[in-house]
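Have a look at the structure below before the remarks.
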Amino acid sequence: MSTVIYPGSFDPCTNGHLDIIRRASKIFEKVIVAVLCNSSKAPLFSAEERVQFIKDAAKDLPNVEITSFSGLLVDFAKKNNAKIVIKGLRAVSDFEYEFQMALTNHNLCRECETIFIPASAEYMFLSSSIVKEIASYDGDLTGLVPPDLVPVLRHRFGFC
């Protein structure tokens with residue numbers, strides 16, 4: 001069985017993330033979306049909230065599982081019998097960082113490979129940081145995040 005992991009902080013999950021999830025789900029038998037719990041960062045949403053947001057947005061994808069993890073990605077991959085990591089790329093700057101991470105993961109686990117999926121043109125500019133910046137000024141989030149997440153973001157930033 002071809003199981004892949006799509007890791008990230010997803011704080012919050014954007015339509016660009018969902019595009020990568022949907023596209024990967026058409027290629028691989030099972031996609032595990034792995035929400036990172038990083039103690040060195042102060043996320044806007046808890047890991048549980050982020051997992052639930054993605055579950056709600058990807059509920060129509062039966063071969064997609066959403067969970068959280070902490071620690072090394074390669075350890076999580078081994079635990080889940082996955083040898084492939086999926087990473088979305090928006091620009092060359094993404095590639096430089098993700099290429100370094102792919103080499104590091106491969107060094108830690110020789111069976112672990114990374115496959116890069118380029119962002120769809122309509123999402124190349126989109127990041128969770130941009131979404132949070134727009135939300136902090138009560139900007140229009142239409143088309144940037146799942147519709148159900150718009151009121152949640154507005155509320156989180158005090159615009160109700």
Side-chain angles (χ1 to χ4, degrees), residues 1-132 144-149 152-153:
M1 178 179 212
S2 171
T3 299
V4 300
I5 295 175
Y6 178 39
S9 58
F10 305 103
D11 186 40
C13 178
T14 70
N15 285 345
H17 293 130
L18 291 173
D19 180 58
I20 298 293
I21 293 168
R22 288 185 187 289
R23 290 166 56 204
S25 75
K26 292 176 184 175
I27 300 168
F28 300 100
E29 291 177 56
K30 181 177 181 183
V31 177
I32 300 173
V33 179
V35 175
L36 177 62
C37 302
N38 187 341
S39 59
S40 68
K41 289 188 177 182
L44 182 62
F45 296 103
S46 71
E48 295 78 20
E49 289 173 310
R50 291 178 279 151
V51 166
Q52 191 58 55
F53 296 150
I54 302 168
K55 282 183 178 181
D56 292 344
K59 63 182 171 244
D60 63 322
L61 303 172
N63 63 329
V64 173
E65 174 186 318
I66 298 94
T67 189
S68 62
F69 80 104
S70 59
L72 293 175
L73 177 60
V74 292
D75 292 338
F76 180 79
K78 287 177 191 174
K79 181 179 165 186
N80 287 277
N81 298 314
K83 294 181 171 73
I84 300 171
V85 174
I86 298 294
K87 296 300 289 191
L89 296 178
R90 295 168 297 191
V92 173
S93 57
D94 284 348
F95 177 76
E96 291 173 7
Y97 174 77
E98 295 301 348
F99 184 64
Q100 182 180 21
M101 293 307 301
L103 293 175
T104 300
N105 287 333
H106 186 70
N107 185 60
L108 294 171
C109 176
R110 291 289 178 196
E111 297 80 35
C112 189
E113 297 291 348
T114 300
I115 295 177
F116 298 112
I117 298 178
S120 294
E122 66 264 35
Y123 302 120
M124 289 183 75
F125 70 95
L126 190 55
S127 70
S128 295
S129 297
I130 287 173
V131 165
K132 287 185 275 194
L144 305 181
V145 296
D148 292 346
L149 194 49
V152 175
L153 277 160

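Computed from heavy atoms alone, side chains included, the values below leave out hydrogens, waters and symmetry copies.
In terms of heavy-atom proximity, N15 sits nearest to P146 at OD1-N, 3.2 Å. Nearest heavy-atom pair, A47 versus S68, reported as atom, atom and distance to 0.1 Å: CB-CB, 4.2 Å. Residues P43 and D11 come closest through the heavy atom pair CA-OD2, 3.2 Å. Across all their heavy atoms, I20 and P118 have their closest contact at CD1-O, 4.2 Å.
The shortest distance between side-chain heavy atoms of H17 and T14 falls below 4.5 Å. Under the 4.5 Å side-chain criterion, counting only non-hydrogen atoms from C-beta, I21 is in contact with I54. Side-chain contact between F10 and I66: absent, with no pair of heavy atoms (C-beta onward) separated by less than 4.5 Å. Looking only at side-chain heavy atoms (C-beta outward), V145 and L153 come within less than 4.5 Å of each other. In this structure the side chain of L18 reaches within 4.5 angstrom of the side chain of C13, judged on heavy atoms. Looking only at side-chain heavy atoms (C-beta outward), S9 and V35 stay at 4.5 Å or farther from each other. N81 places none of its side-chain heavy atoms less than 4.5 Å from the side chain of T3. Counting only heavy atoms from C-beta outward, the side chains of N63 and E29 never approach each other to under 4.5 Å.
Listed for the S120 side chain is no donor-acceptor partner under 3.5 Å among the backbone atoms of Y123. Under the 3.5 Å distance criterion, the side-chain polar atoms of R50 are left unmatched by any main-chain donor or acceptor of L44.
Put simply, NZ on K78 and CG on L108 are 8.0 Å apart, with the number rounded to the nearest 0.5 Å. Note that CD of E96 is 14.5 Å distant from CE of M101, once rounded to the nearest 0.5 Å. The line from CG of L103 to CD of Q100 is 8.0 Å long, rounded to the nearest 0.5 Å. Here the OG-CG distance, from S70 to N38, works out to 9.5 Å after rounding to the nearest 0.5 Å. Rounding to the nearest 0.5 Å places SG of C112 at 6.0 Å from CG of L73. Atom NZ of residue K30 and atom CD1 of residue I5 lie 9.5 Å apart, to the nearest 0.5 angstrom.
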Would you mind writing out the side-chain donor-acceptor pairs for residues 83-94 within the sub-3.5 Å range, not counting sequence neighbours?
{"residue": "R90", "atom": "NE", "partner": "D94", "partner atom": "OD2", "Å": "2.9"}
{"residue": "R90", "atom": "NH1", "partner": "L126", "partner atom": "O", "Å": "2.9"}
{"residue": "R90", "atom": "NH2", "partner": "D94", "partner atom": "OD1", "Å": "3.0"}
{"residue": "D94", "atom": "OD2", "partner": "R90", "partner atom": "N", "Å": "2.7"}

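Listed by chain and number, the residues in a salt bridge (charged side-chain N to carboxylate O under 4.0 Å, His left out) with D60 are R22 (sequence neighbours excluded).
Within the structure, ring pair (Phe, Tyr, Trp, His ring centres under 6.0 Å) pairs that include any residue of residues 54-83 comprise F69-F76 (at least two apart or interchain).
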Take L144 and F125 through the test side-chain contact (heavy atoms from CB on, under 4.5 Å) and record every step on the way to the result. CA-CA 10 Å; L144 305 181; F125 70 95; 3.7 Å; yes
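Contact check on R23 versus D19 returns a salt bridge, with a Lys/Arg side-chain nitrogen under 4.0 Å from an Asp/Glu carboxylate oxygen.
A parallel orientation is assigned to the rings of F99 and F95, their planes being inclined by less than 30° (bins at 30° and 60°).
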